[in-house]
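Here's the structure, in structure tokens; my notes come after.
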Number of protein chains: 2
Amino acid sequence: MTLRNLQYIKHTLAGHGLKVTHQRMVIYQVLQDTDTHPAAEGIYEKIKKIIPSISLGTIYKTLEVFVEKGLIKRINTSEGNMRYDARMDNHNHIYCTNTKEIIDFKDEELEMLIRDFLKRKKIGNFNLKEFRLHISGEKIDPGKHIEIT
Amino acid sequence: MTLRNLQYIKHTLAGHGLKVTHQRMVIYQVLQDTDTHPAAEGIYEKIKKIIPSISLGTIYKTLEVFVEKGLIKRINTSEGNMRYDARMDNHNHIYCTNTKEIIDFKDEELEMLIRDFLKRKKIGNFNLKEFRLHISGEKIDPGKHIEIT
DNA sequence: TCTTCGTTGATAATAATTATTATTTAATTT
DNA sequence: AAATTAAATAATAATTATTATCAACGAAGA
Ligand SMILES: [Mn+2]
Ligand SMILES: [Mn+2]
Ligand SMILES: [Zn+2]
Ligand SMILES: [Zn+2]
């Protein structure tokens, strides 16, 4: 968490109409440094190490505000809880049904392929906001990483 | 609910290793006749009209069992509850963020496009089960239907 | 520095789902 | 067909995830 980073985070929060608080900065920073799509509880555990006095309610509230302001995304799983994604560029997700991991998967070609398809295939009475491909399956070796080639 | 249908449902349940009960038959039939991807509560309301004595717990348990046995699918929403889909062929979903509707969208070309792409793009250490495109946005006129052309 | 108003932490409330258990029902054995 | 066994259901309690409330606090502008 360098000084330059700190300034950037302040600027980002303020730029989205949010009052800059210590809690918000730390939560946003931690989300930025995470690519595992954690749930509120998991985020809480991480933040507690930095701000031991933080309340779980503040985590929930802050996540909600961030989503509302378009700073992060809330993502859906087949499990009973919400998970969060600080990555805001268009990308897809690979779901591992046994480890519950959500792995990012970005591919320009796929992006174009689908965008092109949807442009041809007109959906009437509908204002399309975004699309995402959900790929699901199981890691073969849960200890190792998934690798895309 | 014709007799032929009834026999077919019995056969389907038994064929998936399930004991055939009145509750299960009615729940399965109702799910088959629905394309709105209802939540447990909504299914409960429908079933109560047919079996007034049914318990909400039975709905939850039955849905869980059906998912487990591969008779239906559990689907994810950005809201805090699960929804269910009796349609088992590969298809995609359009999410309307204001009406909370989930609309089926099947297209062979899109299917092939993505399948082809994923065949080329190898995902290592991962056993792919399925993929689905989540399209989200808002209905322009919430009273009218979405139409795909 | 003072004032204002949004934010936080503590806690209570709600919604969705899962667990428990006695009772009922279906399937299997006699 | 009656008795036996095993599984499913209904009623209810418990848990989990999330949201709401509210007094105390802190950021930011006057
Ligand atoms: Mn159907
Ligand atoms: Mn929930
Ligand atoms: Zn992501
Ligand atoms: Zn569907």
Side-chain angles (χ1 to χ4, degrees), chain A residues 6-7 9-28 30 37-45 47-69 71-84 100, chain B residues 6-7 9-28 30 37-45 47-69 71-84 100:
Chain A
L6 220 141
Q7 279 314 113
I9 289 169
K10 278 186 184 172
H11 179 264
T12 303
L13 295 176
H16 284 79
L18 294 175
K19 191 173 276 189
V20 177
T21 67
H22 181 52
Q23 288 85 339
R24 283 175 175 171
M25 291 210 296
V26 172
I27 295 171
Y28 188 67
V30 163
H37 311 85
E41 189 65 41
I43 296 163
Y44 180 49
E45 295 307 325
I47 304 295
K48 266 205 297 198
K49 289 179 188 159
I50 307 167
I51 312 173
S53 64
I54 202 158
S55 162
L56 180 56
T58 301
I59 301 290
Y60 274 106
K61 191 76 212 305
T62 304
L63 291 169
E64 180 199 312
V65 167
F66 284 180
V67 169
E68 207 165 81
K69 298 291 182 184
L71 278 165
I72 63 172
K73 288 223 164 82
R74 177 184 252 235
I75 62 181
N76 351 336
T77 74
S78 319
E79 327 306 315
N81 56 5
M82 294 301 157
R83 301 190 36 193
Y84 298 86
K100 314 300 181 208
Chain B
L6 220 140
Q7 278 315 114
I9 289 169
K10 278 185 185 173
H11 180 265
T12 304
L13 294 177
H16 284 79
L18 294 176
K19 193 174 277 191
V20 176
T21 68
H22 182 51
Q23 289 84 339
R24 283 173 176 174
M25 290 210 296
V26 172
I27 295 171
Y28 188 66
V30 163
H37 312 83
E41 189 65 41
I43 295 164
Y44 180 50
E45 295 308 324
I47 304 295
K48 267 206 295 200
K49 290 178 186 157
I50 306 166
I51 311 172
S53 64
I54 202 157
S55 160
L56 180 56
T58 301
I59 301 289
Y60 273 106
K61 191 75 212 302
T62 304
L63 291 169
E64 179 198 310
V65 167
F66 284 0
V67 169
E68 206 165 83
K69 298 292 182 183
L71 279 165
I72 64 173
K73 289 225 164 81
R74 177 183 253 233
I75 63 181
N76 0 331
T77 75
S78 318
E79 327 307 315
N81 56 4
M82 294 300 156
R83 300 192 35 194
Y84 298 86
K100 315 298 181 209

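These numbers come from a predicted model, not from an experiment. Hydrogens, waters and symmetry mates are skipped; everything else that's a heavy atom, side chains included, is used. Below, read A as the first sequence line, B as the second, and so on, with proteins coming before strands; counting in each chain starts at 1.
Computed from C1' positions of five pairs at each end, the angle between the two local axes of the helix from dT1(C)-dA30(D) to dT30(C)-dA1(D) equals 30°, rounded to 10 degrees.
When each of Ile54(A) and Lys19(A) is assigned the nucleotide of DNA chain C with its nearest heavy atom, Lys19(A) is the one assigned upstream, toward the 5' end. Nearest-nucleotide positions on DNA chain C for Met82(B) and Lys61(A) put Lys61(A) closer to the 5' end. Annotation: of the two residues near DNA chain D, Gly57(B) and Gly17(B), the 5′-most nearest-nucleotide partner is Gly17(B).
For Tyr60(B) and dT17(C), the shortest distance from a side-chain N or O to OP1 or OP2 is below 4.0 Å. Distances shown here put a side-chain N or O of Thr21(B) below 4.0 Å from the OP1 or OP2 atom of dT9(D). For the pair Gln23(A) and dG9(C), the criterion of a side-chain N or O lying under 4.0 Å from OP1 or OP2 is met. Regarding contacts with the backbone of dT7(C), every side-chain N or O of Thr58(A) stays at 4.0 angstrom or more from both OP1 and OP2. An OP1 or OP2 oxygen of dG9(C) is reached within less than 4.0 angstrom by a side-chain nitrogen or oxygen of Ser53(A).
Annotation: side chain of Tyr60(B) is not in contact with side chain of Ile43(B) (no heavy-atom distance under 4.5 Å). Proximity of Ile27(A) to Ile54(A): side-chain heavy atoms (C-beta onward) are separated by under 4.5 Å at one or more points. Contact annotation: the side chain of Leu56(B) approaches that of Glu41(B) to within less than 4.5 Å [non-hydrogen atoms, C-beta and beyond]. Using a 4.5 Å heavy-atom cutoff, the side chains of Thr62(B) and Tyr28(B) are not in contact. A heavy-atom distance below 4.5 Å is not found between the side chains of His37(A) and Lys73(A).
Which of dT18(D), dA28(D), dA10(D) sits closest to the side chain of Ser55(B) comes down to dA10(D). Taking the side chain of Arg24(B) as heavy atoms from C-beta on, and the options dT9(D), dT17(C), dT18(D), the nearest nucleotide is dT9(D).
Residue His11(A) qualifies as open at atom NE2: its count of foreign heavy atoms under 6.0 Å is 12 or below.
If you measure from atom CD1 of Ile47(B) to atom P of dA10(D), you get 11 Å, rounded to the nearest angstrom. Taking atom CD on Glu79(A) and atom P on dT18(D), their separation rounds to 12 Å, with Å as the unit. What separates CD of Glu68(B) from P of dA7(D) is a distance of 14 Å, to the nearest Å. Rounded to a whole Å, the NE2 atom of His22(B) is 10 Å from the P atom of dA26(C). Remark: C1' of dT9(D) and OH of Tyr44(B) are 13 Å apart, rounded to the nearest angstrom. As a whole-Å value, the separation of Glu64(B) CD from dT9(D) P is 12 Å. We find that CD1 of Ile59(A) is positioned 12 Å from P of dA10(C), with the value rounded to whole Å. Rounded to whole Å, atom C1' of dA16(C) lies 14 Å from atom CD1 of Ile43(B).
Qualifying side-chain contact (heavy atoms from CB on, under 4.5 Å) partners for Ser78(A), counting only residues two or more places apart in sequence or in other chains: Asn76(B).
Residue contacts shown for Arg74(A) are limited to sugar-phosphate atoms, with no base heavy atom under 4.0 Å away.
Without hydrogens or angle criteria, Arg24(B) side chain to Lys19(B) main chain gives a donor-acceptor distance under 3.5 Å.
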